[in-house]
Every structure is written in structure tokens, then in C-alpha cells.
Amino acid sequence: MGKNFYITTPIYYPSGKPHMGHAYSSIIADIFARFKRLEGYDVLFLTGTDEHGLKIQREAEKNKKDPKIFCDELSEKFKDLTKILNLSNDDFIRTTEKRHYKSVEEIWNRLVKSGDIYLDKYSGWYSVSDEAYYDEDEIEEVKGKKVSKVSGSPVDWVEEESYFFKLSSWSEKLLKYYKDNKNFILPSSRKNEVINFVEKGLKDLSVSRTSFSWGIPVPKNKKHVIYVWLDALTNYISALNFPDINDKNYKKYWPANIHIIGKDILRFHAIYWPAFLLAAKLPLPERIFGHGWILSEDKKMSKSLGNILDPIEIIKTYGIDQLRYYLVKEVSLGNDGSISLQNLKNCINNDLANNYGNLCQRVFSFIKKNCSNKIPKIKKLSVSDNKLLDELKNNIPRLIELMNKQELNEFIKTVVGYSFDSNKYFNDSEPWSVKKKDPERMRTIIFTICEQIKNISILLNSIIPISTNKVLEAMNVKKENRSINQINSLECFDHDKELKELDILFNKIENDN
Ligand code: MSP
């Protein structure tokens, strides 16, 4: 087996323009995808749009558009967002594509063949906005309206002929899978939620609808369209050219290593998806990671509260690396986290401009003035130089482990700590004061700090790729020397080559209050 890694984002409903929640899921996945590449893995990173179902059909009707044309337009906005967020996705799947139809039809046929599908009548609650069925005990009345207790979304009573998937018969197998694969659902608080739900007993799931037509028709019964979640979840294998299980991508990348999702869609990914796969006799993904919600000033973002933070506007004003860094530094991954413009500004100033940015800028200008703009060659490192470098280098295995456990906050905290220590080392070693009496010592200090800047830049590369690449580029660090594994080998600088100009990495934000 090669070092392959398959990571996905949820596929987004293109029912409106992309918002911060979408940006968040995608940025998280992008960070892990980039990190695995730096670790030397052959990564496939997938994102896309989820285009069928009643929610989209209604939205298209509201806009007086044919649903396909409506999706074509909005899906473009999500494609644009991948560029704006600087995502490194290798593919973008749309559920209206032919490759996806083929794959969903095959899944359906497999479920029929295994005896997991039967025809009956559904009567119960359905939320169009969640595209989810809810049991009676999951419904409450708020201001005279029935809503889901789980999501707060309005629900309608539905009665129609429907195909069912025998979800109930998979409870035991699912529970065993969760038990045998301790890290299948992360963080573990989410795992307990899922286990409790499954332990209560699962009901069979309605997997087709007849009251609207915007979906993939059930093979051999065109009156029905396939339930949008069975349709959507299958995207993860459609992109690998399933049903061709001999296809090189399918063989290389399935089962997926990780599906990154928001906690609101955990039930679909941690219960329905593995049950569908088990029934279809296909391998299960290794991990489902459910992140928390981004709140604005402690509240859910909503038009009526007027607290929506538009990622595109923020990126225009502050920059994409700034937003990426802020979202993952300040929001504890896995939990809900509040964001605000004021905190974003503080974070940019304190962590990026004053810490990492300042470190790079002051070292670059010192080298320009005092070292002919070249990273000096050295003879021997002192104890304090080694101490600075070794602390980071010896911690590489732990840092890799943190990322592989999705403990992103601890990872960033540690790396930012190195940047802080490096600024302190630079101040304390005072290369400017030894420059005349001990130029060799000055050169050693500068080499050490350059080595450390390079290492920190590689470690932060998956989080703030644009700025760190600028630094590595300006230091003439070749692409092949930018891998995590490379950190431990000293000497990748070209001492005869001048540094390139380094523009200001992060502008400080003036506070207007
Ligand atoms: N189409 C489904 C996913 C199908 S995956 C096979 C869907 N789409 S969505 O567009 O509604 O949401 C996509 C993702 O955005 C989810 O992971 C959801 O958790 C995330 N977010 C939406 N709002 C959010 C916040 N305010 N905060 C963080 N993420 C949230 O669900």
C-alpha cells in the first residue's frame, strides 16, 4: 500500500450564496489535506455541491428557474469559493453529473440485491431545510409551529408511497463497528451521541420520495426519486469512479481516510452512510470528524439577527491567510466557537503581524543590512542555538500526531509558541551588538534564526499557505525541501544566493474604536 490519503468536505447545498459555515468546513479539510501532502502522502481532496432534493427544487422555483440552470449558476459560486479560500482540492463533484448518477444507481441496485430495500408508505415528519425525517419524540411546538428539536427547523407532515432501507437491521453491526474502531467518530463526545442514538434502536429509513421530481430516479420505478441523502453521501465514491471498483482512483483512495463534516450532519455520516456501505458490501471510511458551529457574537448567524459575517467580504478586507488562521486558532475544533471582527483584528495583530510576521521581517532586514542579503554559512552552533532548534525538531513526531488526531488547536498553539520563542531568542542574542566584535557569532545567530523561520514556515504552511510560501520562496528554499520530514535535516539553504524581497506579510489593523 502506498501512502495515499483521501479527505472530503461535505458537499454543499447551492441554495444560496456560500457563508462562513461552508468556508469553515472547507478550510479545516484543506488544512489537513495540505498537511498530509507535506508529510509525503499522495492526497485526494474532494469538495462539491449537493444539488438534488426538495430544498433546491423550491429555491429554484422561488427564483423562477429550472433547477438544473439554478444549480449551474450557484454551483459556480461554490467553485469560486474554492479559489477564494485557496483550497487545494483535486476535484469538485456535482451530484447532477453523469458519473454520480451511475454510482448512485449502482448503490441502489446493490441495496435491492442484498434485500435491504422494500416498498411501503411513509407517514411522518420531514424537514425540507434539513432534508431529514424526524420521529415524533424529536418534534416540539414553538409559537404554534412544529419544529425539529434537533435543528429547530420547521417540519411538515408527509404521507406518501416510499421505498425503505432496512436500517433497523444494521444497529448491532454499527455498534460493533464503533466499538472496534475507536476513532471512527471524532471528537469522542460526538461518538457518544451517535452510540446513544443507535442504542435506542434504529427505525427503517425512507429512501425515496414521490411528491416531487428533482432527484435521481429510482431504477425501474421512475415515479420515485432517491432520497437526497442517499444520493449525496454516495458522492464520496462517485468521485473515485465507482461502480468501477477496478478503477485506479477507487483502488487507491477508497476507503476514505476522513470525512470532515459539521456536527449537524453527523447522523447521516456516522449512521446512514456506514449502514448503506455495509449493505452494499463496500468498505467503510476510516474516520468521520464532526466540527462544531461557528457562532457570531455567541449567536447562530442569521439574516434576521443581522450578525452574518460574510467570508468573501472578510477576505477582501483582511486576506485569506488571516481568516484561515483566525478560524482555526480561535475556534476550538470540535466545539462551537464565537467569532467577531474585533477578535479577528486582535488575532491578526498579535499572532500574525507582531509575532510570525515581525520575526520574518526583522530577520530579513537585518540580513540585508549586515550579511550581504545572504543566509550565512556557519561553523558550529552554540548550546542556546541548539536548544532553540532542538525543541522544535524533537517535537515533530508529536506535532504530526496532533494533526493526525485533528488536534489542530494544540498544534497551532505549540507552533506559535516557537515563533514567540524565536523572537525572544533574536532579542536576547542581540546579533546587532556582536556584529563588530564577533562577526562569526552574529552569523551563527542569523543562521539559527533562519533555520527556525524555515521550520516554523513549513509547520504553518498548511494553515497560512500564501504567507509561508512567500517566506520560503524569499529564502530560496526549494519545493522539495518544504516537507515536514525535511525539517530534521539541516542545510537546505543556498548561501550564495541573495534573499528575495519580502513584502509586508500581514498589515497591522488599526482599531477604529
Ligand atoms: N448538503 C449537505 C451535506 C451533504 S454531505 C454528503 C449539507 N450542506 S450544507 O450546505 O447545509 O452544509 C454544509 C456544511 O456547512 C455542514 O458541514 C455544516 O455543518 C456546515 N455549516 C453550516 N453552517 C455552519 C456554521 N454556522 N458553522 C459551522 N459549520 C456550519 O448539510
Side-chain angles (χ1 to χ4, degrees), residues 7-30 46-56 59 71 74-75 77-78 81-82 85 87 92-96 100 103-104 107 127-132 148 150-153 190 214-216 226-239 256 258-274 276-277 285 288-303 305 307-311 323 327-328 330-340:
I7 179 165
T8 64
T9 73
I11 50 169
Y12 304 105
Y13 292 127
S15 53
K17 64 177 188 151
H19 59 67
M20 196 59 89
H22 302 133
Y24 187 60
S25 291
S26 287
I27 289 172
I28 300 295
D30 185 59
L46 176 72
T47 187
T49 40
D50 181 0
E51 306 188 3
H52 291 129
L54 193 49
K55 176 173 164 133
I56 301 288
E59 209 54 46
C71 288
L74 277 156
S75 184
K77 295 227 176 332
F78 280 84
L81 187 71
T82 63
L85 298 175
L87 302 187
F92 186 102
I93 191 158
R94 299 182 55 189
T95 55
T96 45
H100 180 66
S103 155
V104 173
I107 278 274
S127 156
V128 178
S129 111
D130 303 343
E131 296 284 18
S148 149
V150 184
S151 64
S153 310
R190 303 247 177 278
W214 181 236
I216 301 182
I226 295 176
Y227 174 39
V228 65
W229 271 100
L230 173 52
D231 167 342
L233 288 160
T234 307
N235 90 87
Y236 300 131
I237 51 176
S238 313
I258 187 163
H259 296 311
I260 299 288
I261 57 160
K263 62 176 186 178
D264 51 320
I265 54 174
L266 189 63
R267 193 184 288 189
F268 305 97
H269 283 81
I271 301 175
Y272 299 173
W273 182 223
F276 295 150
L277 289 167
I288 313 286
F289 188 93
H291 64 68
W293 279 70
I294 300 281
L295 309 172
S296 171
E297 323 258 335
D298 291 327
K299 293 192 193 73
K300 199 172 156 182
M301 275 180 242
S302 81
K303 277 188 200 147
L305 289 172
N307 64 348
I308 291 190
L309 292 170
D310 179 349
L323 177 66
L327 284 179
V328 295
E330 299 280 312
V331 180
S332 151
L333 188 65
N335 298 320
D336 291 352
S338 211
I339 59 169
S340 72

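Counting starts at 1 for both ligands and their atoms, in listed order.
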> Mind checking whether Glu330 and Ile339 have side chains closer than 4.5 Å, heavy atoms only?
Replying inline: no
> Using a heavy-atom cut-off of under 4.0 Å, does the side chain or the backbone of Trp229 touch ligand 1, or both, or neither?
Replying inline: side chain
> For ligand 1, which atoms, with element, lie under 4.0 Å from some heavy atom of Asp50?
Replying inline: 1 (N), 2 (C), 4 (C)
> Hey, is Glu131 touching ligand 1 through its side chain, its backbone, both or neither, going by heavy atoms under 4.0 Å?
Replying inline: neither
> Can you check whether Asn235 reaches Leu46 side chain to side chain, under 4.5 Å on heavy atoms?
Replying inline: yes
> Going by the order shown, which atoms of ligand 1 are within less than 4.0 Å of some heavy atom of Asp264?
Replying inline: 18 (C), 19 (O)
>> Considering non-hydrogen atoms of the protein only, which is the closest contact for atom 8 (N) of ligand 1, and what is the distance?
In response: Tyr13 CD1, 3.3 Å
>> Looking at Asp336 and Trp293, would you say the former's side chain and the latter's main chain have a donor-acceptor pair under 3.5 Å?
In response: yes
>> Would Lys55 count as being in polar contact with ligand 1, using the rule that some N or O on each side must be under 3.5 angstrom apart?
In response: no
>> Checking contacts here: is it the side chain or the backbone of His269 that comes within 4.0 Å of ligand 1, counting heavy atoms only? Could be both or neither.
In response: side chain
> Which atoms of ligand 1 are found less than 4.0 Å from any heavy atom of Ile265?
Replying inline: 3 (C), 16 (C), 17 (O), 31 (O)
> Nearest protein heavy atom to atom 25 (C) of ligand 1, by residue and atom, and its distance?
Replying inline: Trp293 CE3, 3.1 Å
> Just wondering, are more than 12 heavy atoms of other shown residues or ligands nearer than 6.0 Å to NZ in Lys263?
Replying inline: yes
> Does some side-chain heavy atom of Trp214 sit less than 4.5 Å from a side-chain heavy atom of Cys71?
Replying inline: yes
>> Please report whether ligand 1 has a polar contact with Ile261, defined as an N or O pair separated by less than 3.5 Å (distance criterion only).
In response: no
> Would you call the rings of Phe78 and Tyr12 parallel, tilted or perpendicular if under 30° counts as parallel and over 60° as perpendicular?
Replying inline: parallel
>> Is there a side-chain contact between Ile56 and Pro14 in this structure, where contact means two heavy atoms from C-beta onward sitting under 4.5 Å apart?
In response: yes
> N/O to N/O below 3.5 Å, does that happen between Asn235 and ligand 1?
Replying inline: no
>> Does any part of the side chain of Lys55, heavy atoms only, come nearer than 4.5 Å to the side chain of Val228, both counted from C-beta?
In response: no
> Can you list the ligand 1 atoms lying under 4.0 Å from a non-hydrogen atom of His291?
Replying inline: 28 (C), 29 (N)
>> What protein heavy atom lies closest to atom 13 (C) of ligand 1? Include the residue and the distance to one decimal.
In response: Tyr12 CD2, 3.4 Å
> Quick one: does Ala232 get an N or O within less than 3.5 Å of an N or O on ligand 1?
Replying inline: no
>> Using a 4.0 Å cutoff against the non-hydrogen atoms of Gly292, which atoms of ligand 1 qualify?
In response: 28 (C)
> Under 4.0 Å from any heavy atom of His19, which atoms of ligand 1 are there?
Replying inline: 22 (C), 23 (N)
> Who pairs with Ser129 by side chain to side chain donor-acceptor pair (under 3.5 Å), at least two apart in sequence or on another chain?
Replying inline: Ser153
> Parallel, tilted or perpendicular: which describes the rings of Tyr272 and Phe276, with under 30° parallel and over 60° perpendicular?
Replying inline: tilted
>> Give me the nearest non-hydrogen protein atom to atom 3 (C) of ligand 1 as residue plus atom name, then the distance to 0.1 Å.
In response: Ile11 O, 3.1 Å
>> For atom 28 (C) of ligand 1, what is the closest protein heavy atom, and at what distance to 0.1 Å?
In response: Ile294 N, 3.5 Å
> Which of the numbered atoms in ligand 1 are below 4.0 angstrom from a heavy atom of Ser25?
Replying inline: 14 (C), 15 (O), 17 (O), 20 (C)
>> Quiz question: by atom type and distance under 3.5 Å, do the side chains of Thr234 and His100 form a donor-acceptor pair?
In response: no
>> Is there a side-chain contact between Ile107 and Leu233 in this structure, where contact means two heavy atoms from C-beta onward sitting under 4.5 Å apart?
In response: no
>> Among residues at least two apart in sequence or on other chains, which ones pass side chain to side chain donor-acceptor pair (under 3.5 Å) with Thr49?
In response: Glu51, Ser75
> Which protein non-hydrogen atom lies closest to atom 6 (C) of ligand 1, naming both residue and atom, and how far is it?
Replying inline: Tyr236 OH, 3.5 Å
>> Looking only at protein heavy atoms, which one is nearest to atom 30 (C) of ligand 1, and what is the separation?
In response: Gly21 CA, 3.6 Å
>> Quick test: of every protein heavy atom, which one is nearest to atom 12 (O) of ligand 1, and how far off is it to 0.1 Å?
In response: His22 CD2, 4.1 Å
